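A short worksheet on the structure shown next.
From a predicted model like this one, the values you see are computed outputs, not experimental measurements. Values reported hereafter were calculated over all heavy atoms of this structure, with side chains retained and with hydrogens, waters and symmetry mates removed.
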Amino acid sequence: MTGPSPLNSRSFLGIETTDDPTVWNLPVTPAVGGGMGQLFGGCALGLAIEQLEEMTSRPAAWATAQFISNAFPPEVVTFEASLAAEGRNFAQGRVVGRV
């Protein structure tokens with residue numbers, strides 16, 4: 001007997017990967033929306049952390065975010081990740097989201 005598939009961040013957020021592993025899309029829906037309908041910042045930060053952890057094969061030790069504007073349904077935010085520095089034990093990355 002099989003049960004429901006386990007919930008993970010990709011299915012919870014509705015992340016759409018692309019052929020380019022550094023580019024992910026997030027459709028803005030009520031499920032990832034804040035009180036006024038805009039994309040909830042925690043969902044955007046969660047996606048960025050997930051994306052960088054996958055790129056580096058390392059868990060995040062620290063993360064911060066700066067939000068310049070809001071995204072509302074039915075917009076799709078494209079997140080592009082890059083690594084600024086990669087060492088033996090740590091990596092530093094950046095994710096920029098754009099509508």
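- When all heavy atoms of Gly46 and Leu13 are compared, the pair lying nearest together is C-CD1, 4.4 Å.
- Scanning all heavy atoms of the two residues, the minimum distance from Met55 to Ala81 falls at SD-CB, 3.3 Å.
- Note on Phe40: it does not cluster hydrophobically with Leu45, by side-chain heavy-atom contacts below 4.5 Å among ILVMFWY residues.
- Taken together through direct or relayed side-chain contacts under 4.5 Å among Ile, Leu, Val, Met, Phe, Trp and Tyr, Trp24 and Val99 form part of one hydrophobic cluster.
- From Glu54, atom CD reaches atom CD1 of Ile49 across 14.0 Å, with rounding to the nearest 0.5 Å.
- When hydrophobic clusters are built by joining Ile, Leu, Val, Met, Phe, Trp and Tyr residues whose side-chain heavy atoms come closer than 4.5 Å, directly or via intermediates, Phe79 is not grouped with Val76.
- For the pair Val28 and Pro73, the minimum side-chain heavy-atom distance is below 4.5 Å.
- Thr17 has its side chain within reach of Arg10: a pair of non-hydrogen atoms, C-beta onward, lies under 4.5 Å apart.
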Between Ile68 and Gln66, is a side-chain contact (heavy atoms from CB on, under 4.5 Å) present by the stated rule, with each step listed?
CA-CA 6 Å; Ile68 306 299; Gln66 180 180 16; 3.9 Å; yes
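- Between Thr78 and Val96 there is no side-chain heavy-atom pair separated by less than 4.5 Å.
- Between atom CG of residue Asp20 and atom CD of residue Glu80 there is a gap of 7.0 Å, rounded to the nearest 0.5 Å.
- Atom CZ of Phe90 has 12 or fewer heavy atoms from other residues, nucleotides or ligands within 6.0 Å.
- Counting heavy atoms of neighbouring residues, nucleotides and ligands inside a 6.0 Å radius, atom CZ of Phe67 exceeds 12 of them.
- Across Glu16 and Pro27, no two heavy atoms sit closer than the pair OE2-CG, 3.4 Å.
- Atom CG of Leu52 and atom OG of Ser57 lie 11.5 Å apart (nearest 0.5 Å).
- Judged by distance alone, the side chain of Glu53 and the main-chain N or O of Ala60 form a donor-acceptor pair under 3.5 Å.
- Here the closest non-hydrogen pair linking Glu50 and Ser9 is OE1-OG, 2.9 Å.
- Around CG of Asn89, the count of heavy atoms belonging to other residues, nucleotides or ligands within 6.0 Å exceeds 12.
- Shown here for Ala91 and Glu86, the closest heavy-atom pair between the two residues is CB-CG, 3.9 Å.
- Contact between Val23 and Gln51 at its shortest, heavy atoms only, is N-NE2, 3.8 Å.
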